[in-house]
Every structure is written in structure tokens, then in C-alpha cells.
Visitor: 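The structure under discussion is supplied below as C-alpha cells; questions concerning it will follow.
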Amino acid sequence: MKIHIKTYGCQMNERDSEALAGMLTEAGHTMVDAEEAADVLLFNTCSVREQAERKAKGKIGYMKKLKARHPDLIIGALGCMAQRLGNELLNELPHLDFVLGTGQLHTLAPLVESIRADRRQVVAITESAEVLTGMRTHHRHAEGGEPDFKAQIAITRGCNRFCSYCIVPYVRGREVSRSREDVVAEARELAADGAKELLLLGQNVAAYGWGGNVNPPPSGVSPFAELLEELDRIPELLRIRFTSPYPTYFNDRLIAAITGSRTVCHNIHLPLQSGSDRVLAAMNRQYTAAGYRAVVAALRAAMPDVTFSTDVIVGFPGETDEDFRLTRELMNEVDYDNSFIFKYSPRPGAKSASDADSVPQEVKEERNALLLEDLKTRVAAALRGQVGTVQEVLVEGTSPRNPERWSGRTGTNRLVHFLPVADQRPGTLRQVKITRAGGVSLFGELL
Ligand code: SF4
């Protein structure tokens, strides 16, 4: 059958969709880009914000017309919103053939076959440990194209932290880690298949192997560091990135593993959420602004070239002007290269949904705009500071906006454009002299 997958939400969902595409092609199906060409339409949904759910529901609703024209069409909702709503989703969108939750994704291929055979509606949302080992397939090579040099591996699933605004622990279940042998074997297979850059994924990736314990490991202990060290020894790999680590898991052992590694990039995504201790406590984040600053200082002392990105929520219930000022101050102090700023919206089922959404929308918009403006100013200054330096970039391919130019990324995750030389190949490391800074990227000459 011809199958199309549309993905909403985070990188974990992107990776799940890629694994599902791998699973379906192994089962003999073909992935297609166009919805109209598909016999099966899959929507891998997100629940993190109301907007994401609304978008997916709207899109699935719109597919009713397509199904009226093609009654054999199979439509499935998968992932977080499917898990959260289950039968309710089938009632709301009765042209759906199935609803497959986060714990049952590994059963997709046989489920599609059984629906084709007997056309009954199915809701499968029970949690299952098998999803942990059943989602290691990949779908990385475009038809006839170059081997893709980037690959993603999910090393944990679920989350135990229960931040008060977050729905993830309810829709993705408790935190579980894959075995180190399984992850390393998957990484070796990917490297043998042409992968040069690995992105390790998990809701709290740095808690890998710590048994779901919400207290971070003590000094000198970090199963995640041990995993990084083992992956670092795979000779074909040039770079390893990971996202997202909870800030309090950066102990001496993990920092030493990063600085001592050949491949781990000096770019850390370090979710902040708020710079106010009062708001952090209300969010059930297990650190203070001072504790967060200490993690940043330890990482900077060990890696002077490190760059940071972050997630921040503006307009959390009760956030005052002073709370916001503290967030803004901390963000400018850390000097993030990138930040994902979210305007708070309550998620039914998450703890903070019972608090009044007290910050008016226009105040959220204003705070969001101020942080974006700060980010723009900081990034432009940071990029100007790179002019004249020589940077190692991992070549990605032609620039999307100018096919005459190529681009690549530094280990610190800055985008660099340059004119290619003959026989240029994606997935190779090159030295580039930076000659000019743009608003969001750098320009240079290959050395
Ligand atoms: S750490 Fe907090 S924000 Fe991140 S997934 Fe877990 S509960 Fe959600």
C-alpha cells in the first residue's frame, strides 16, 4: 500500500514517524509525499499545546472529503493526542479508522493490515514495554539520493518529572531507557549505513540509564556519560548531539565525558522555562535560577566555546512583571544562541490547568516579543564576533535559498554558507574562514 505520514510536534515525534516509515517499508509498503496518492493516511499527533491538537484535528476533519471520494482510504491518528483522547477522538472524527497511542506504535504495520482485511475501527492506547525495543527501524535514504549523513536515535521514552504545565508524562508514560547494548548496536548499524552525525533523543536524555529516579545521580556517576563515551568510539561518527537534558543532570562525570569526547558537540540545549524561583517552584522544576546559573558556569568553564539554546514559557499563571524581568535578565546573561519561547496555555490533564490562566494574552504577546527582540540582538552580536575566525563545519549540502552556495554547521550549531569546491560531499568536515556575519547565519570561504 502507499502510505503518507504527517507529523506534528517535537523531535521525538519526527523520530517516531521515521521509525514507523522504516517499519512500513520493511513490511512491503511504499511511503508517498502526496496525501492524494496514499491508500493510508497517518497523522502522528502532538498534545503539548492546544494549538497543535487543533491543527491535527482540523487536518483530519478535512480528510473526510477525501475519504468520501475514496472509501477504501484508511486514516489513522497516532501519538500523543491519540493517547490522550482515545475513543473520544473516534467519536469526534468518526471517519477515522484507528487511534494508536504512544505505547502501541510498534504494532502499526500489522494493525494496518488487519484494518485493510476487516475494516473495523480500532482504538489501541494501552501502555506497553515493547514499544521501547520495537521502534529501532529507520527510513533514511531518499529514492536514488545520497545516503543521509544525519540520524536520530531515541534512547529513552516517557518522562517522570511531572512539570506542572506539561502533559508529556501522561501521554508518553513513565520514563524508560533502552539498554546500552541496543543503543550502541543501532548506532553502529547507522554509522555503517553512512551516518556521520547522531542526534540522541529523550524527554530527559541525560537521565538515560538512571532507572527513572527523579533525583539526579551523585558526583562521579552518569550512565548517560558512559553511553556517550561508548558512542564516541564508533570511528565513522563525526558528531553527536543530544536533546533535551534536564539541567540538574549535568554533574562532573557528564561534563568530563563531553569535554573528553571527540564527537560530542559544544552546543547544549538547556531548558530554562523561567528565571524566577517562585515560578520555577510553581512549575515543579527542581532547580533555582542560581542552580541553573551554576550549571551554565560549570559547562562554560569546561568548554569556553560552548553555545546554549533553551525553552522558555511566558505568562505562566501568576507570572508578574518582576518574574518576567528575572527571566529576561537570566536569558541575556546566559547569552543563548537560540530560544524556543512559548506563550503559556493550559493543557487539560496537566497540574497547572487547574490554576487560573491569569496573565492576559496581550501581556504574553508583549513578553514573547521582548524576548524575541533580545534574541535577535544577541545572535547578531555573537555572529559578528565570529568574523575572522576559522570554524570546522560539517557540510550539509546546497543552501536552501541560494543553490550556488553550500552550507554546513559548526559544532556550536551555527549555520555557515560558502562556495563549494569540486567533488564537495555532504557529511564531510571542512575548515571555513568566516568572512561575514548575517542576521542568523555566517558566510565564509573554504580553506
Ligand atoms: S521534563 Fe518536564 S517539561 Fe520535559 S517532558 Fe518531562 S514533564 Fe514535560
Side-chain angles (χ1 to χ4, degrees), residues 8-16 44-53 79-81 83-84 101-103 127 131-132 152 154-178 199-217 224 242-251 254 268-277 279-289 291-292 295 308-317 319 327 339-355:
Y8 297 86
C10 67
Q11 273 167 306
M12 278 298 276
N13 262 18
E14 295 284 348
R15 166 64 195 125
D16 280 346
N44 192 7
T45 61
C46 169
S47 255
V48 133
R49 272 173 295 284
E50 200 186 338
Q51 164 93 337
E53 286 200 353
C80 293
M81 181 176 76
Q83 182 71 37
R84 192 176 87 76
T102 51
E127 280 194 26
V131 72
L132 194 63
Q152 303 184 347
I155 63 169
T156 69
R157 296 188 81 85
C159 185
N160 284 357
R161 301 219 61 95
F162 291 91
C163 299
S164 66
Y165 51 82
C166 184
I167 191 84
V168 166
Y170 306 96
V171 290
R172 283 197 170 260
R174 295 296 81 75
E175 177 192 291
V176 274
S177 296
R178 292 174 57 194
L199 174 64
L200 307 178
L201 294 168
Q203 248 72 45
N204 177 8
V205 79
Y208 171 80
W210 192 231
N213 186 341
V214 289
N215 297 311
F224 181 53
F242 55 86
T243 197
S244 287
Y246 197 79
T248 52
Y249 284 70
F250 282 95
N251 64 10
L254 178 53
I268 307 286
H269 184 73
L270 200 61
L272 169 67
Q273 311 303 1
S274 171
S276 154
D277 288 348
V279 176
L280 286 170
M283 289 175 165
N284 194 29
R285 300 289 287 183
Q286 305 296 310
Y287 53 85
T288 59
Y292 185 96
V295 173
F308 293 101
S309 58
T310 198
D311 300 323
V312 166
I313 297 171
V314 292
F316 187 78
E319 184 190 67
T327 300
S339 28
F340 301 91
I341 304 159
F342 303 99
K343 288 166 271 180
Y344 176 79
S345 71
R347 299 305 302 121
K351 193 166 170 289
S352 69
S354 56
D355 299 331

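Remember, it's 1-based here, ligands and their atoms both numbered in the order they're listed. Everything numeric in this text was worked out from a predicted model, so none of it was measured.
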Visitor: Can you find a heavy atom in the side chain of Met283 that is under 4.5 Å from one in the side chain of Ile313?
Guide: yes
Visitor: Check the side chains of Ser352 and Tyr344 for a donor-acceptor pair under 3.5 angstrom, ignoring hydrogens and angles.
Guide: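 Yes, side-chain donor-acceptor contact under 3.5 Å.
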Visitor: Should Arg285 be listed as contacting ligand 1, given a heavy-atom distance under 4.0 Å as the test?
Guide: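 Within the 4.0 Å threshold, so yes.
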Visitor: Under 4.0 Å from a heavy atom of Cys166: which atoms of ligand 1 are those, numbered in the order shown and with their elements?
Guide: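 Listed by number with element: 3 (S), 5 (S), 7 (S), 8 (Fe).
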Visitor: If you take the nearest heavy atom of each of Cys163, Gly158, Pro271, Ala350, which one is closest to atom 7 (S) of ligand 1?
Guide: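 Answer by nearest heavy atom: Cys163.
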Visitor: Using atom types as modelled and distance alone, determine if a side-chain donor or acceptor of Arg178 lies under 3.5 Å from a backbone N or O of Ala154.
Guide: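 Indeed, once roles are kept as given, a pair shorter than 3.5 Å links the two residues.
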Visitor: Can you name the atoms of ligand 1, numbered from 1 with element, that are less than 4.0 Å from a heavy atom of Phe162?
Guide: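 In order of number, 7 (S).
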Visitor: Classify the ring geometry between Phe242 and Phe224 as parallel (under 30°), tilted (30 to 60°) or perpendicular (over 60°).
Guide: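 Phe242 vs Phe224 ring planes: perpendicular.
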Visitor: Under 4.0 Å from any heavy atom of Tyr165, which atoms of ligand 1 are there?
Guide: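 Under 4.0 Å from Tyr165, ligand 1 has these atoms: 3 (S).
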Visitor: Note the single closest protein heavy atom to atom 5 (S) of ligand 1, along with its residue, its atom name and the distance in Å.
Guide: Gln203 CG, 3.3 Å
Visitor: What atoms of ligand 1 come within less than 4.0 Å of a heavy atom belonging to Pro169?
Guide: 7 (S)
Visitor: Below 2.8 Å, any N, O or S contact between Cys159 and atom 6 (Fe) of ligand 1?
Guide: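 Within the cut-off used here (under 2.8 Å), Cys159 does place an N, O or S atom near atom 6 (Fe) of ligand 1.
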Visitor: Check each atom of ligand 1 against the heavy atoms of Val168 and keep those under 4.0 Å away; list them by number with element.
Guide: 5 (S)
Visitor: Would you check if there is a donor-acceptor pair between the side chains of Gln286 and Asn284 at a distance under 3.5 Å?
Guide: yes
Visitor: Between Thr310 and Leu270 (side chain of the first, backbone of the second, donor and acceptor by atom type, cut-off under 3.5 Å), is there such a pair?
Guide: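 Between the backbone of Leu270 and the side chain of Thr310 there is a qualifying donor-acceptor contact (under 3.5 Å).
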Visitor: Is the backbone N or O of Thr102 less than 3.5 Å from a side-chain atom of Arg172, with the two atoms forming a donor-acceptor pair by type?
Guide: no
